[in-house]
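Note that these values count all heavy atoms, side chains included, but never hydrogens, waters or copies made by symmetry. If you're wondering where the values come from, they're calculated on a predicted model, not measured in any experiment.
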Number of protein chains: 2
Amino acid sequence: MKELNRIHLNGLRALEAVGRLGTLARAAGELGVSAGAVSQQIIKTEAQLGRPVFVRKGRGLTVTDFGERFLARLTAGFRTLDEAVASAQRHADTVLTISVAPVFASKWLVPRLDRYSRANPGMRLRLDATVDLVDPDVSDIDVAIRVGPGEWPNVKLDKLLDQEVFPVCAPELAARIAEPADLLGLPVVFDSNSVLKWDSWLGLFGLSEKDMQGGSSFTDAALALDAAIAGQGVMLAWQTLAYYPLKTGALVMPFRERARTGNSYWLVTSSTRREEPKVARFKNWLRAELAETERDFELLAQNAAVPRL
Amino acid sequence: MKELNRIHLNGLRALEAVGRLGTLARAAGELGVSAGAVSQQIIKTEAQLGRPVFVRKGRGLTVTDFGERFLARLTAGFRTLDEAVASAQRHADTVLTISVAPVFASKWLVPRLDRYSRANPGMRLRLDATVDLVDPDVSDIDVAIRVGPGEWPNVKLDKLLDQEVFPVCAPELAARIAEPADLLGLPVVFDSNSVLKWDSWLGLFGLSEKDMQGGSSFTDAALALDAAIAGQGVMLAWQTLAYYPLKTGALVMPFRERARTGNSYWLVTSSTRREEPKVARFKNWLRAELAETERDFELLAQNAAVPRL
DNA sequence: TCCTTCATGCAGTTTTTCTATATGATTGGC
DNA sequence: GCCAATCATATAGAAAAACTGCATGAAGGA
């Protein structure tokens, strides 16, 4: 990359534009400057190159043999640069990249994406489903949604929703439940990967996980959810996981009580980058959707099969 | 090529250099400016792009995921530009392109090229052997050598040598020649393409081509020359054509008289471009070689088999 | 012939870029 | 644990570059 030091880049660009468009005036139009400016640029740059690229014959410019080959290469180079910048811009404005946990994505976010598309025409979403928190400064993502106590360093955090857990089960099973203690006699579907403990909910009623029956165990919350829907047991679920099965009636929520886990849903963005409009729009949309989810839970609680104690 | 208007090219170049070299200081070294200047450039350009390319974490810079892809494309684009400029420069300094008539090239110039190479190490010659005069402004050639009255418009002309014609023949045939009139009784080798006429030489002695015998005719001077060497007749030759056969004795020059043709050898260059050093050097070398050729002809004339009238 | 289009020359102004220096922050050696 | 080196950034003034607007000259078309 040593040769470019001798040459003014803007001069090369002027050369290229004139070569491609034929006249100074058209090149000036593309470059957004006056024709005189372009004239000065190409003269200076030809001098720096040491050989003429254009022939002046009174009126207009024609390209020398050398210029023909040279300009072709310039065009190729500048086109590459232009495409790089264009894709950066396009990407910047119309593509929103979100990093979310796979379960949250599949059970809650993905089913709502068509609503997002309708509300934000032209925007394209890219979902990056990973478990680990990525650094929003380094990585490609615009926003991340993560569950936790909210103690990540060097990022900007917005709390979206407090995570709460509660039992869910298939309707057939719910018929055998009248009060919390009934849960102890039923099979349980465990999500062995989760750090959430039954005790946080059972404790509300003075019960303990130790007294529960055994049951099936799954390494993935989605599998455990399917097992619960199949009627294989009671499951400890949380809002975004159980939302759709509850809405369709595939699962029911025997009790209206929900227990705080100490975790919340956080929207994670870069602490150094200024918030872009597309991010702000997504944030607002997400808040509205979560608020609706929360309202639906209020309704579900009122219809809970078993009245509160 | 519209996106590049929003971005400063030099800023992109700074971005690319920093991405490739890792630190501001190294990039500044390559770009030939101070580190502070590079810092300002990349900050400004990142703002223009609308997204950061580098992450600042106290000391040093690391590249974002986006930057990784973006910088790769920038590097490709700038490399293309750099190579275009580099080849232009290289070409400009070390390659000399000469347009010459094929006969002149093969009979006089090419045998001397090794002398040129020894005198100008590092220089590479490109011979463009065409009959028509090419426009030195438009075409790729640095210099052209042409024979004619010197009336070409819009070019710079340097006279190299006046063209002169004279009879040549094989030594066996020369034994039958004592005076110019003897030529009328000998077979003649004609170059039917040439505009040169025997009368210009015969006229010096009050003779005329009408009185000559017929003979073989060739559409190419080189073929006619070979026929003359083979002893098939007398030929009207000129300096640069007959030089080597005369020097080796394959042909002889029966008379020392040479007739002007009105044509000269001209060195043709662009009338608008400033003369480059490599062209000036070639011109000097060519003059010296032609001067030597002319001296050799003086010696040949002194040894001419037939004394002047 | 007149009018339009084209490239270039020029002077002054505006914009950009650069240097030089200072600052804060981090790393690595001792 | 401290010191020196390295690194990026900030700032202000200086230097360089690019641009505008207009004038000029040359060529082609109606």
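Ion pairing of B:Glu46 with B:Arg56 is present here, as a side-chain N (NZ or NE/NH1/NH2) and a carboxylate O approach within less than 4.0 Å. Between B:Arg20 and B:Glu16, at least one side-chain N (NZ, or NE/NH1/NH2) sits under 4.0 Å from a carboxylate O, which counts as a salt bridge. Using a 4.0 Å cut-off between a side-chain N of Lys or Arg and a carboxylate O of Asp or Glu, B:Asp142 and B:Arg126 do not qualify as a salt bridge. For the pair A:Arg51 and B:Glu276, the salt-bridge criterion is not met [side-chain N within less than 4.0 Å of a carboxylate O].
No side-chain donor-acceptor contact under 3.5 Å links A:Thr94 to the backbone of A:Met123. Listed for the B:Lys278 side chain is a donor-acceptor partner under 3.5 Å among the backbone atoms of B:Val95. Checked by atom type and distance alone, the side chain of A:Asp82 pairs as donor or acceptor with a backbone atom of B:Leu4 at under 3.5 Å. Side-chain atoms of B:Thr64 never come within 3.5 Å of backbone atoms of A:Ser139 as a donor-acceptor pair (strictly under, hydrogens ignored).
Rounded to whole Å, atom P of C:dC6 lies 7 Å from atom CZ of A:Arg26. Rounded to an integer number of Å, the gap from A:Leu24 CG to C:dA7 C1' is 6 Å.
Sorted by residue number, the list of members of residues 6-21 of chain A with any non-hydrogen atom under 4.0 Å from DNA chain C is empty. Remark: B:Ser39, B:Gln40, B:Ile43 in residues 38-52 of chain B come within less than 4.0 Å of DNA chain D through at least one heavy atom.
In the helix from C:dT1-D:dA30 to C:dC30-D:dG1, the terminal helix axes, each the rotation mapping four pairs' C1' atoms onto the next four within five end pairs, subtend 40°, rounded to 10°.
At the heavy-atom level, B:Ser34 lies under 4.0 Å from base atoms of the strands shown.
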Enumerate donor-acceptor pairs with a distance under 3.5 Å from any side-chain N or O in residues 31-43 of chain A to protein atoms, sequence neighbours excluded.
from	atom 1	to	atom 2	distance (Å)
A:Ser34	OG	A:Ala37	N	3.4

Go through it in stages, so that I can follow the logic: the residues are A:Ser99 and A:Arg146, the test is side-chain hydrogen bond (donor to acceptor under 3.5 Å, both in side chains), and I'd like the CA-CA distance, side-chain angles, deciding distance and then a yes or no. CA-CA 8 Å; A:Ser99 168; A:Arg146 283 292 178 272; 2.9 Å; yes
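Smallest separation of non-hydrogen atoms from A:Glu30 and A:Leu21: OE1-CD1, 3.7 Å.
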Give each protein N/O atom lying under 3.5 Å from an N/O atom of nucleotides 26-30 of chain D, with the pair distance.
from	atom 1	to	atom 2	distance (Å)
D:dA27	N3	A:Arg59	NH1	3.2

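Partners of B:Phe66 according to the ring pair (Phe, Tyr, Trp, His ring centres under 6.0 Å) rule, which considers only residues two or more places apart in sequence or in another chain, are B:Phe70.
Side-chain contact annotation: A:Asp162 with A:Ser264, donor-acceptor N/O pair under 3.5 Å present.
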